[in-house]
Amino acid sequence: MGYVDEVLEKVSKKNEGQPEFLQAVTEVLESLRPVVEANEELYRKEAILERITEPDRQIMFRVPWVDDNGQVQVNRGFRVQFNNSIGPYKGGLRLHPSVNLSIIKFLGFEQVFKNSLTSLPIGGGKGGSDFDPKGKSDREIMAFCQSFMTELYKYIGADMDVPAGDIGVGGREIGYLFGQYKRIRGTYEGVLTGKGLTYGGSLARTEATGYGLLYFTEEMLKSNGQDIAGKTVCVSGAGNVAIYAIQKAQQLGAKVVTCSDSTGWIYDPEGIDVALLKEVKEVKRARLTEYAAKRPSAQYHEGRGVWTIKCDVALPCATQNELLLDDAKALVANGVIAVAEGANMPTTLEATKYLQENGVLFAPGKASNAGGVATSALEMSQNSERLSWTFEEVDSKLKNIMVNIFHNLDDASKKYGKEGDYVAGANIAGFEKVVNAMLAQGAC
Ligand code: NDP
């Protein structure tokens, strides 16, 4: 049996009941076959694949907090520190009732390669809790965040592990978490990114993932003789990534006609009104029905359906496994030319395969949504320098990083005879750097 198959079998046995983690490991290892086969003897001896699929540590803890009725509630907290070969652990915190160890491990594993692709010195980690922020008062959110940090602070630090936001964690939550860390540790350090601008945050961090997704997509299209201007785009999600992806797509001359949330979706043939979407989602934290109520050209539909709309470019920006095989078929039938992931692993393995086999340019999230973590690393640099860069400086660095990521993975795919397979290219380019660092650092 080949080394990849052997390790896939071992990982499946060791991680039973963790489907998301196994899906991510399978996708990555399958696409690494050419590079692993070319170095099989060395990698086997050094147990590279066994080490890269086993987190450095997995921390799970109780998070007790008191709700507005005086009732004690208990959630479970997680931080998975996956690999710090090329820098301190870096990756977001997710607050969502679906959070479990499998999801945090899949996200932490993917983060290792994504962070490597940015070319910045950051390792991979991820964390979060099954706490549901929906419908909670500000005081309840603060109580949860303070309790969560009261345990987490032991394991993080500016040179050790630097968490950021993810689903359910925006500026408000980062503020409460930072305040509690500072209070317990008594130090003022860049221990979290995504901070407010008055206390060490970076300009353009809020926009970075969505903007970066579009810079990447623009470059991918350009290299394949296409232009983003004039294209019709379908976006899913209506959160941080989706909103700024829509905004940048429009700035680049595309027309975005859909967005969605966890209950329904919008089709707006005249183009999504970003200012209205921000008002509904960022300010009022309301449902998309409010968008439809204020916008005569918009149709609201319950449930799923974004991918049934005809478009040239599809940008899934909501959550994992939201673009399924049938969705891929509908997109191909409607003539889609590119799918670029804004969310982490939104496309299932079968859907990805179908899109690639049908000639669709497919950008995996670990490359196309790396703008968020890249700008978080730029926030860390600014904190270390005790300086703040202008919006334009950060945005232009972000654009360079995304363009370079595209060319790195394009080159890696060509080097191993996989031209046009950007999934393989991203995994190989991210993997090679981490493995070189692991080999240099010995058995650790
Ligand atoms: P937000 O919480 O801001 O937004 C998530 C959006 O997706 C919301 O509109 C939410 O709907 C919707 N959503 C969440 N879960 C589901 C579900 N199960 N079914 C349908 N819709 C759902 O998160 P972000 O925008 O920050 O993150 C979105 C994705 O991007 C995630 O996969 C995240 O890991 C990834 N990502 C985020 C980065 C960042 O910088 N923020 C960086 C890189 C990746 P509702 O409004 O109803 O809650």
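Atoms within a ligand are numbered from 1 in the order they appear, just like the ligands themselves.
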Residues forming a side-chain contact (heavy atoms from CB on, under 4.5 Å) with N115, sequence neighbours excluded: K90, Q111, I122, V373

Pick one of side chain, backbone, both or neither for how E207 approaches ligand 1, counting any non-hydrogen atom pair under 4.0 Å. neither

Exactly one of E341, K114, E110 clears side-chain hydrogen bond (donor to acceptor under 3.5 Å, both in side chains) with N369, and that residue is K114

With heavy atoms only and a cut-off of under 4.0 Å, state how I167 meets ligand 1: side chain, backbone, both or neither. both

Nearest non-hydrogen protein atom, atom 9 (O) of ligand 1: A238 N, 2.9 Å

Mind checking whether K134 contacts ligand 1 via backbone (N, CA, C, O), side chain (CB onward), both or neither, at a 4.0 Å heavy-atom cut-off? side chain

Measuring from atom 8 (C) of ligand 1, which candidate in G239, A286, P346 has the nearest non-hydrogen atom? G239

Is there a side chain to side chain donor-acceptor pair (under 3.5 Å) between E27 and N427? Walk through the geometry before answering. CA-CA 9 Å; E27 185 253 294; N427 288 334; 2.9 Å; yes

Ligand 1 contact on E322 by region, counting heavy-atom pairs under 4.0 Å: neither

Six-ring centre of Y199, K182 cation under 6.0 angstrom, axis tolerance 45°: no

Going by salt bridge (Lys or Arg N to Asp or Glu O under 4.0 Å), name the residues that satisfy it together with D56, two or more places apart in sequence or in a different chain. none

For the pair H301 and W265, name the ring-plane relationship: parallel under 30°, tilted 30 to 60°, perpendicular over 60°. parallel

Name the closest protein heavy atom to atom 21 (N) of ligand 1, giving the residue it belongs to and the distance to 0.1 Å. S262 CA, 3.5 Å

Ligand-residue contact atoms, ligand 1 with R94, heavy atoms, under 4.0 Å: 31 (C), 32 (O), 33 (C), 34 (O)

Under 4.0 Å between heavy atoms, the region of S260 that gets near ligand 1 turns out to be backbone

So which heavy atom in the protein is nearest atom 39 (C) of ligand 1, and how far is it from that ligand atom? T209 OG1, 3.4 Å

Of all the non-hydrogen atoms in the protein, which one sits nearest to atom 5 (C) of ligand 1, and at what distance? A318 O, 4.1 Å

Kindly say whether the aromatic ring centers of Y188 and F178 come within a distance under 6.0 Å. yes

Among all protein heavy atoms, pick the one closest to atom 14 (C) of ligand 1 and tell me residue, atom and distance. T319 CB, 4.3 Å

